[in-house]
Amino acid sequence: MNRTKQALSDAYWQLLEEKPYNKITVQNIVERCQVNRNTFYYHFSDIPALTEYTIEAWADTIIKEHCQFGDPIQCLEPIIAECIKRKNACLHLYRSFQRESLMRYLNRIILHSVTTYVEQATDGITIPTEDRETLIHFYKCSLYGVILDWLDSDMSYDLLEFTRRIVAFFPEIGKKAFLQHANIIPQNQAGRNVN
């Protein structure tokens with residue numbers, strides 16, 4: 001990765017933590033990096049292009065570093081941790097016209113996490129492809145909706161605790177649901193068997 005490009009992206013994250021998206025200028029970014037404006041424009045056409053690059057690189061890092069999930073809560077943990085680490089920046093992006101970019105990449109992270117989880121949870125279980133895809137779509141939409149609500153509430157509640165409560169309310173969520181779907185666990189014993 002180009003060091004100057006990364007430095008511009010890092011400076012941008014720092015500035016997003018400090019002030020709203022529409023208050024950040026190219027001048028702010030180059031001053032933070034101690035480079036000139038031409039250097040910025042060599043790498044990015046404008047701030048929206050930098051935003052797209054920065055969020056995409058962030059999403060790629062989360063996907064690359066988090067690929068093992070033992071239960072549904074673990075799908076959300078790295079996403080929540082990264083959002084909390086960059087709380088102000090995420091909220092500033094979410095409240096700006098760059099919201100669509102943020103949500104597109106969050107959706108991509110969630111889809112990756114859920115797909116990886118379902119593949120791991122159903123390894124060795126025969127489930128029709130259409131059913132597997134339906135489960136992935138359901139989980140993705142559910143988690144995306146939860147993240148969206150969390151951002152709408154300014155990340156004001158403990159999302160991990162909320163998710164743990166949901167899983168407790170619906171004990172069939174997770175590998176047990178896949179086993180039940182494949183008729184490996186009889187319906188009347190599904191509530192008693194654990195993973």
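Atom set for the values below is all heavy atoms of this structure, side chains included, hydrogens, waters and symmetry mates excluded.
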| request: Could you list the residues that satisfy side-chain contact (heavy atoms from CB on, under 4.5 Å) with Val35, not counting sequence neighbours? | output: Leu8, Val30, Cys33, Thr39
| field | Ser101: side-chain contact (heavy atoms from CB on, under 4.5 Å) partners, not counting sequence neighbours | value | Glu52, Ile55, Gln98, Arg104
| said: For the backbone of His112 and the side chain of Thr115, can you confirm whether one donor and one acceptor N or O come within less than 3.5 Å of each other? | reply: no
| task | Over all heavy atoms of both residues, which pair between Cys83 and Leu106 is shortest? Give the atoms and the distance, please. | result | SG-CD2, 4.1 Å
| When you measure from the side chain of Ser9 to the backbone N and O of Gln6, does any donor-acceptor pair fall under 3.5 Å? | no
| query | Looking only at heavy atoms, which two atoms of Leu111 and Ile136 are closest? And how far apart? | reply | CD1-CG2, 3.8 Å
| request: With sequence neighbours left out, write down each residue that passes side-chain contact (heavy atoms from CB on, under 4.5 Å) with Asn22, or none if nothing qualifies. | output: Pro20
| task | Determine the minimum heavy-atom distance between Tyr21 and Pro48, stating which atoms define it. | result | OH-CG, 3.5 Å
| task | Only pairs at least two apart or in different chains count here, so list each salt bridge (charged side-chain N to carboxylate O under 4.0 Å, His left out) that has a residue in residues 142-157. | result | Arg95-Asp154, Arg99-Asp152
| request: Look at Asp60 together with Arg108 and state whether they make a salt bridge at an N to O cut-off of under 4.0 Å. | output: yes
| task | Scan for salt bridge (charged side-chain N to carboxylate O under 4.0 Å, His left out) pairs involving residues 9-24, sequence neighbours excluded, and state none if there are none. | result | Glu18-Arg32
| query | Between the main-chain N or O of Pro128 and the side-chain N or O of Asp131, is there a donor-acceptor pair closer than 3.5 Å? | reply | no
| query | In chain order, what residues pass the side-chain hydrogen bond (donor to acceptor under 3.5 Å, both in side chains) check against Thr51, with sequence neighbours excluded? | reply | Tyr12
